[in-house]
Structure formats: structure tokens, C-alpha cells
Amino acid sequence: MDYSSLLMIVVMVAIFYFLLIRPENQRKKKAEEMRSGIRKGDRITTIGGMVGKVVQVNDSTVVFETSEDRVRIEIAKWGIQSTEAFEQAQAAQKGGLFGAKKDEDKTEESKADDPKTDDPEKAPKEEKPGFDPEIK
């Protein structure tokens, strides 16, 4: 076996490490930090899509309320997909300075398109969707 074949194998292993293994380990580390940093009062989203407010944190589980009816659910920490604070930090990191500028441009364009928004008192109020849908 000559040195060029050995060098190619080493290069391929390095490429696999930097393109596949290292990013996955970093993602796992961030997820673990997020899950260990959960505090009472945080809003979480589970892997199954349930959203709620944390009321109790244990070593391996979290208890959260899903609605105003005070329905409490206990879930393993590994089942938590994200927290509101974690999502905001990632959005800020991805957006950076350029993302903020784009948002400002969009709001200016929308104001220019809508003649009602010249006066803030006459501007239509946007309804934000509630945290908990009303189940009937």
C-alpha cells in the first residue's frame, strides 16, 4: 500500500468528521444545554407538538400546563423539542444584523401600501393568536 492511498483514506475520514460527526455532536450538545436549562415558567414545545408552561422541573422529567384549564402533563426531558427562550436566541443568531434590516424594510413597505396606517390610532389592531386554542 502506497502513501497516496493512505493519505486519501485519512482525508476521507477528516471530511466525514467535519461534515457529519462534528455538526451532529454540536447539535446534541446544544439540545442538552437547552433541556438542562429549563426553569419553572418557561414555555416549551414537545417533540409531539404540545405547547405549555413549565410548572415543575425534576431530574429527568418536566411537568407543564397545556391550557388555562390547568391540565398538567409530565414528560421526559428528552421529549422536549424547544423552549421559547431557545427559539428566540436561535432566531437572533440566524437573523443577525441583516435579518433585522430585512424586517424593517418589510414593515416600511407594508405601511406604504396601506393608507390606514398613517395614523397609529386609526390603524387596524392585529389579533395575535392565543397560546391555547379554545377546545369546544
Side-chain angles (χ1 to χ4, degrees):
M1 191 162 159
D2 60 356
Y3 291 110
S4 63
S5 298
L6 185 63
L7 181 63
M8 287 298 287
I9 292 173
V10 170
V11 168
M12 288 180 63
V13 169
I15 289 172
F16 274 113
Y17 176 76
F18 284 108
L19 293 179
L20 298 174
I21 299 168
R22 187 169 180 254
E24 181 67 18
N25 288 343
Q26 288 177 340
R27 186 190 62 78
K28 286 180 183 178
K29 184 178 177 184
K30 283 183 182 179
E32 185 59 35
E33 288 175 2
M34 178 267 305
R35 290 179 182 126
S36 65
I38 293 175
R39 303 283 178 253
K40 184 177 178 181
D42 288 350
R43 290 172 108 58
I44 61 168
T45 303
T46 67
I47 292 174
M50 291 186 289
V51 180
K53 183 177 178 182
V54 175
V55 293
Q56 183 181 1
V57 179
N58 301 324
D59 291 338
S60 61
T61 61
V62 171
V63 178
F64 67 100
E65 290 182 351
T66 60
S67 67
E68 293 177 7
D69 296 336
R70 296 187 167 251
V71 175
R72 292 187 176 195
I73 298 174
E74 185 173 10
I75 187 170
K77 281 188 176 181
W78 61 262
I80 298 172
Q81 180 178 356
S82 63
T83 63
E84 188 174 280
F86 183 73
E87 289 173 351
Q88 290 173 350
Q90 283 201 336
Q93 184 181 19
K94 286 182 181 178
L97 297 175
F98 300 109
K101 184 173 172 77
K102 289 179 185 176
D103 290 341
E104 290 173 7
D105 292 343
K106 288 179 186 177
T107 56
E108 288 175 9
E109 289 174 5
S110 65
K111 286 181 183 177
D113 294 342
D114 191 8
K116 297 177 186 177
T117 59
D118 293 338
D119 187 5
E121 294 179 3
K122 295 179 183 177
K125 303 282 184 194
E126 291 185 28
E127 288 189 26
K128 296 182 180 178
F131 169 72
D132 297 317
E134 187 174 327
I135 300 172
K136 294 182 180 180

- request: Let me know which of Val55, Ile73, Ile75 forms a side chain to side chain contact (heavy atoms under 4.5 Å, CB included) with Val63.
  value: Val55

message: When you compare the side chain of Phe64 with that of Ile80, does any pair of heavy atoms fall below 4.5 Å?
response: no

task: Just grab all the side-chain hydrogen bond (donor to acceptor under 3.5 Å, both in side chains) pairs involving residues 11-28, residues at least two apart or on different chains.
output: Glu24-Arg27

field: Side chain Arg35, main chain Lys77, donor-acceptor under 3.5 Å
entry: yes

query: Met8, Val10: one ILVMFWY side-chain cluster at the under-4.5 Å cut-off?
result: no

query: Atom CE of Met34 and atom OG1 of Thr83: how far apart are they, to the nearest 0.5 Å?
result: 6.0 Å

task: State which residues pass side-chain hydrogen bond (donor to acceptor under 3.5 Å, both in side chains) with Asn58; sequence neighbours excluded, sorted by chain then number.
output: Gln56, Thr61

message: Could you measure the distance from the CE atom of Met50 to the CD atom of Gln81? Nearest 0.5 Å is fine.
response: 12.0 Å

- prompt: Which pair of heavy atoms, one from Val62 and one from Ile44, lies closest together, and at what distance?
  reply: CG1-CD1, 4.3 Å

message: Tell me every residue that passes side-chain hydrogen bond (donor to acceptor under 3.5 Å, both in side chains) with Ser4, counting only those two or more places apart in sequence or in another chain.
response: Asp2

field: Stepwise salt bridge (charged side-chain N to carboxylate O under 4.0 Å, His left out) test for Glu65 and Arg70
entry: CA-CA 6 Å; Glu65 290 182 351; Arg70 296 187 167 251; 3.5 Å; yes

Distance (rounded to the nearest 0.5 Å) between Lys53 NZ and Glu84 CD: 10.5 Å

